[in-house]
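Okay, so here's the structure we're looking at.
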Amino acid sequence: MYRPVPAQVDLPALEHEVLAMWEREGVFAASVAQSQGKPPWVFYEGPPTANGTPGTHHVEARVFKDVFPRYRTMKGFHVPRQAGWDCHGLPVELFVERELGFTGKQDIEAYGVAEFNSRCRESVLRHVDEFTEMTRRMGYWVDTDAAYWTMDPEYIQSVWWSLKQIFDKGLLVQDHRVAPYCPRCGTGLSDHELAQGYESVIDPSVYVRFPVTNAEFLERYPGAAFLVWTTTPWTLVANTAIAAKPTADYAVVKTAAGETLVVGTALLEQIFEEPITVLATMTGTELENLTYQRPFDYVEIPDAHYVVLADYVTTEDGTGLVHQAPAFGAEDLITCRAYGLPVVNPVMPDGHFAPAIPVVGGEFFKKADAGLIRTLKASGLMFKHVDYEHSYPHCWRCHTPLIYYAQPSWYIKTTAIKDQLLAQNEQTNWFPTSIKWGRYGDWLNNNVDWALSRNRYWGTPLPIWRCPDGHLTAVASMAELSELAGKDVSSIDPHRPYVDDITMPCPTCGLAARRVPEVIDCWYDSGAMPFAAVGYPLQNAETFRNQYPADFICEAIDQTRGWFYTLMAIGTLVFEESSYKNVVCLGHILDEDGRKMSKHLGNVLEPIGLMNEHGADALRWFMLASGSPWQARRVGHAAIGDVVRKTLLTYWNTVSFLSLYARLSKWEPVDLAPAPSQRPVIDRWVLSEANQLARDVDAALEKFDTQLAGRLLSTFIDNLSNWYVRRSRRRFWDGDPAALATLHEALRTATLCLAPFTPFITERVWQDLFRSTDPDAPKSVHLASWPEVTASEIDKRLGTDMALVRRIVELGRAARASSGVRTRQPLGRALVSAPGWSELSQQLRDQVCEELNISTVESLDDGGSGFIETTVKANFRSLGQRFGNQTPAVAGAIGAEDPAALLAAMRSAKSATLLVVGIGEVNLTEADLVITETARAGWAVAADAGESIALDLTITDELRRAGLAREIVRAIQETRKTSGLDVADRISVYWTSTDNDVLEAMTEHGDMIGAEVLALHLNQVDGDWPEAAITAVEVPETKIELRIGSV
RNA sequence: GGGCGUAUAGCUCAGCUUGGUUAGAGCGCUUCCCUGAUAAGGAAGAGGCCGGUGGUUCAAGUCCACCUAUGCCCA
């Protein structure tokens, strides 16, 4: 027996019960355990940074990470799901720094690295709890007990091992390069970290005169100066040279004000507003080695200050002459090195100019601009100064503007494996596909070496030991380190500062080697998870081999340069194979107004609160099925509320309906019901749709298309509720086993297909309808298999026929509405014209009759042609294929024909011949035409695209009395409902009337009325109401007085 | 400046892969209808130069090019 299912449901409360049940019964563990031995489908959890509070965007990714593993499990795969936490890195360090009120590295050093790192560890543990709670609440099944932590010694040793592989291949090297550097954090950043932190800022854009000092040039052009453009005036302090493009043209011009300037010819119009005179033009090559006077001589830069040549110089903006400061520009450094120019860096690692420097000494580099601009204006060197807004890289965590800064750093030479990476990308399936060749492919094509090291504290220490002679030793594990160090260090925490204290005799020269001071980019940690999560190669070698590479990973789009990249890069570096095959890449979540969610704007939707208000299923369904997952989407209470009403409650109420009437009629799913093929056509239709649903949703999920799957599911639920149940209600009241069994089966398929999407409500339904009636059913819907498709039950023809029925019903309702004859008033006859109508079975036609409350529906052709109006239009789709550019001529000829005659000819001979000007005789079949037949006046007509229905509005006395009876039934039902009677309660009806029509209707239809309203007695009252007649029934526009009472 | 998306009803979005002459859904609004599961359902109406221009084609919301706006990513 089904459990009772109340019509009203509190979804969040239901979910809490289901959560408790899952935990009590260990359902997740059981689902993984019961699939042991089945083919694996490998999923990698991208570890969230255990820092800060989880947001709605975390829920988004986690919904997708949940739905596909659940689906694959139902499809018979073994899908272990190991959680993971990203523990290291700047985010954590900064959080702790803030808590402690620190402003920089010197504070940390003073505080003590050991204590600082233990604070970091403690902060990680705190935040992981919040993520675990959110994960649990939303029903994301991932094994948090077996989670990998990137700070675990085992994990770190796996990372070390992989770094040693890369080191041994000669791809891990130290180099002195200009790289983005955060002066506040005191460390260089990698390219993908740079990608996280562009912010819009207003910077000065200055055009500065650099007076030429070459005597020969000055002789020809007295007082000439190079015009140089820069947006970083502070770097002018370190000016070393000017770069010109060798192939570009440069002009020596005389300005309106009479001064002589050298600029790129292509830029003259952009730079000068007033007319100028061109004195001479020359190529960049001719400018080479010309000397000039630099604007500031605050620091010593020997043997410098002349024009150098560089191909990268552009003549599209600026002046075509680029100021060179090799300490602050990667390209500058390369160019200046080629000329043997010195690299002078007046800025200290903390981002401030060295104190001894005039004017800017001790100032933060960005802040120096203002003073320098004042000085330039005072000295007359400033040609033009405007402010402009552009995006500039900032530290992704502390928001300090970055500085491009020459510094020694460790690199992984990813450029050396670029071709391999591109080849791996070829093998990878991206969803959406545009990412593969677009954003991600583009990123790979512009690959630069990975700046791996960080001059920080809380991270995986770089496992390289160096002796005074510079010999390098990479170490793969604590065991290996013990061996090299000559003592057992295996129980020592591999973090700083403890690991720093371990020294070894250099294996090459025997001198004492110390670890290099750097830690590594935490993005390397997460990218190493495919093997480090299981501690490979020190342990679990077999497990690792079985789950590499992943079948599926999923994150938001910001990870293209983050995790998606580091995973692929490390996999390719270490195993020469990318670590994932399919990657789903989600768009970002925005607020209701399309803005990014941020604490600053106060528009953050807190996920637990959201789920406790609407339910986790609602949030999940929204994420999966509403809008395109690839695209940025807006989330708000209204949108999620819609989802609940539209889909989840409709589904729930269908379940509730089935439970209600099955229980009333004491029906059990095991009871005998006719075989599906023996059931009424509408049952066969809904079963066909259900099978099709299981097949189509399967195909959609196979392609990771949750949006399509969601649309299929909600359409099915709507069809089930608002057509199948609506049309079959009477059969349910009567306890028809065919109807009950059909709805049971349809709901079973829908519930199974829905289970990965909305695991809570489907679990409850599973328990109430299926588990309660089938002792062999799995104890959870999530232990069940994907529904089997019974191909023999799929009937495409039935699908199109039913679609026609529903279109005709729609037209009929429109016709009723326009005629003003309400549906309650029975009508005698309707005439239908539509292609396919004549082939429709009587059962299907009956659906139209019942729904429209019409006794008979006939084909228009059977009803006599006297009142038919015919229009014939060309069917372009069909004609276009045959006639191409002659289509309009044929269409015109069709329009010119008499429709009735053409149709008559067509009907009798199956085809018709038309004379078309310019073509000759053309043979047409009915498929070439859109025929619309409608009835003439006196009927209520509705027509659309070749289909029409006409209602005979004649209301005979008999029909009027039938309408009256229906009116009475409806009024009594209404009263039953408002007075709170149960649908199964029996009543007595008392009535009185003097109206002949009513008297006659009661005689004719009394039995029907009694049966409809579950009245055991129908009493005509003469005089006073008996005591039992309690509740008055209002029957509008009808001359009857009515009361009902209990039996 | 470059790359990749996006642009369809007041709002949120389908449709575009595979071109077919009346472009859909939901929410909201107006007026009706139906209702013995439903916080539902249905009909009609108001509301669309399918961002713009040009091209391909007998035919373009759909394919192509350019432009504009906007988002993300990068320089």
Side-chain angles (χ1 to χ4, degrees), chain A residues 5-9 191 194-196 198 314 316-317 390-393 432 434-435 437-443 445-446 557-558 560-561 587-588 590 592 594 596 626-628 630-634 636 638-639 641-646 648-661 707-708 711 714-715 718 721-723 725-726 729-730 732-733 809-818 820-824 851 853 873-881 883-891 930 942 944-945 969-970 972-977 981-985 1012-1014:
Chain A
V5 179
Q8 311 288 311
V9 62
D191 248 45
L194 195 66
Q196 314 281 323
Y198 274 82
T314 161
E316 275 166 21
D317 52 21
H390 66 142
S391 56
Y392 186 83
S434 58
I435 306 277
W437 309 109
R439 188 175 285 216
Y440 189 74
D442 191 45
W443 159 254
N445 270 314
N446 294 307
I557 189 155
D558 52 314
T560 33
R561 284 137 212 261
H588 280 132
L590 306 172
E592 265 172 314
K596 252 186 185 168
S626 184
S628 175
W630 328 126
Q631 232 151 294
R633 283 184 294 171
R634 303 179 180 196
D642 271 1
V643 158
V644 174
R645 279 210 314 282
K646 220 32 226 140
L648 299 184
L649 288 183
T650 307
Y651 167 68
W652 179 261
N653 281 307
T654 308
V655 170
S656 166
F657 177 88
L658 173 60
S659 164
L660 176 64
Y661 287 103
Q707 189 188 17
L708 173 59
R711 201 160 57 227
S714 43
T715 303
D718 189 62
S721 168
N722 290 319
W723 188 249
V725 171
R726 173 189 169 80
R729 267 188 291 227
R730 195 163 295 269
F732 287 97
W733 306 339
V809 164
E810 253 175 58
L811 286 172
R813 284 201 275 243
R816 271 207 178 257
S818 64
V821 180
R822 50 178 51 158
T823 314
R824 221 177 294 142
E851 184 65 21
N853 198 15
K873 293 203 311 189
N875 179 358
F876 280 84
R877 189 188 281 268
S878 154
L879 292 178
Q881 284 167 10
F883 298 106
N885 61 9
Q886 292 170 320
T887 307
V890 180
V930 178
D944 181 57
V969 167
R970 194 203 63 82
I972 296 175
Q973 300 294 25
E974 179 75 25
T975 309
R976 278 187 66 113
K977 198 172 172 185
L981 287 174
D982 190 83
V983 293
D985 287 343
E1012 285 288 301
V1013 304
L1014 303 186

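Each chain gets a letter, A, B and so on, in the order its sequence line appears, and its residues count up from 1.
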task = Using whole Å, report how far CD1 of A/Ile435 lies from P of B/G5.
result = 9 Å

task = Kindly indicate whether the side chain of A/Arg729, heavy atoms from C-beta on, has any atom under 4.5 Å from the side chain of A/Trp733.
result = yes

query = When rounded to the nearest 0.5 angstrom, what is the spacing between OG1 in A/Thr887 and CG in A/Asn885?
reply = 7.5 Å

ask   = Looking at A/Trp723 and A/Val809, what are the two nearest heavy atoms and their distance?
value = CH2-CG2, 3.9 Å

Residue whose closest nucleotide on RNA chain B lies nearer the 5' end, A/Thr560 versus A/Gln886 = A/Gln886

message = Could you tell me how far B/C66 sits from B/C29 if I compare only their P atoms? Round to whole Å.
response = 45 Å

ask   = In this structure, which one of A/Thr650, A/Asn653, A/Val655 forms a side chain to side chain contact (heavy atoms under 4.5 Å, CB included) with A/Ser721?
value = A/Thr650

request  = Grab the CD1-P distance between A/Ile557 and B/U6 for me, whole Å please.
outcome  = 11 Å

request  = Would you mind reading off the distance between A/Arg877 atom CZ and B/A60 atom P, rounded to a whole angstrom?
outcome  = 15 Å

task = Over all heavy atoms of both residues, which pair between A/Arg561 and A/Arg439 is shortest? Give the atoms and the distance, please.
result = NH2-O, 3.3 Å

key: Pairwise C1' distance for B/G20 and B/G61, with rounding to whole Å   = 13 Å

message = Distance check, P atoms only: B/A39 and B/C27, in whole angstrom units.
response = 14 Å

inquiry  = Just the rounded figure in Å: distance from P of B/C4 to CG of A/Asn445.
reply    = 12 Å

ask   = Do A/Val725 and A/Phe657 touch side chain to side chain, with heavy atoms closer than 4.5 Å?
value = yes

query = Rounding to the closest angstrom, what is the interatomic distance between B/G41 and B/G36 at atom C1'?
reply = 16 Å

task = Please work out if A/Leu1014 contacts a base, only the sugar-phosphate, or nothing of the nucleic acid, heavy-atom cut-off 4.0 Å.
result = base

query = Which atom pair, heavy atoms only, marks the closest approach of A/Ala891 to A/Ala874?
reply = CB-CB, 3.7 Å

ask   = In whole Å, what separates the P atom of B/G52 from that of B/G10?
value = 14 Å

A/Arg561 CZ to B/C4 P, straight-line distance once rounded to whole Å = 12 Å

request  = Name all stems that contain residues of RNA chain B, defined as runs of 3 or more consecutive Watson-Crick or G-U wobble pairs, both distances under 3.5 Å.
outcome  = B:1-7 with B:68-74, B:10-13 with B:24-27, B:29-33 with B:41-45, B:51-55 with B:63-67

task = For the residue pair A/Ile557 and A/Ile435, establish whether any side-chain heavy-atom pair is separated by less than 4.5 Å.
result = yes

ask   = B/G15 and B/C50: how far apart are their C1' atoms, nearest whole angstrom?
value = 10 Å

OP1 or OP2 of B/C4 under 4.0 Å from side-chain N/O of A/Arg439 = no

Anything under 3.5 Å between a protein N or O and an N or O of nucleotides 37-40 of chain B, put it in a table, one pair a line.
from  : atom 1 : to       : atom 2 : distance (Å)
B/A37 : OP2    : A/Tyr661 : OH     : 3.2
B/A37 : N6     : A/Ser721 : O      : 3.0
B/A37 : N1     : A/Ser721 : OG     : 3.0
B/A37 : N3     : A/Asn653 : O      : 3.2
B/U38 : O2'    : A/Asn653 : ND2    : 3.4
B/A39 : N6     : A/Val9   : N      : 3.3
B/A39 : N6     : A/Val9   : O      : 3.1
B/A40 : OP1    : A/Arg645 : NE     : 3.4

Distance between P atoms of B/C49 and B/A37 (Å, rounded) = 43 Å

task = Of all the heavy-atom pairs spanning A/Val9 and A/Trp652, show the shortest one and how long it is.
result = CB-NE1, 3.4 Å

request  = Whole angstrom is fine here: how far is it from CG in A/Asn885 over to C1' in B/U56?
outcome  = 14 Å

inquiry  = Return whichever of A/Pro888 or A/Gly880 has its heavy-atom-nearest nucleotide of RNA chain B closer to the 5' end.
reply    = A/Gly880

Backbone N/O of A/Gly441 and side chain of A/Asn445: donor-acceptor pair under 3.5 Å = yes

ask   = Taking the same atom, C1', in B/U56 and in B/C72, what whole-Å distance lies between them?
value = 32 Å

Give me the distances for all protein-to-nucleotides 13-16 of chain B N/O pairs that come in under 3.5 Å?
from  : atom 1 : to       : atom 2 : distance (Å)
B/A14 : OP1    : A/Ser628 : N      : 3.4
B/A14 : O2'    : A/Arg711 : NH1    : 3.0

ask   = Any donor and acceptor pair, going by atom type alone, linking the side chain of A/Thr715 with main-chain N or O of A/Arg711 inside 3.5 Å?
value = yes

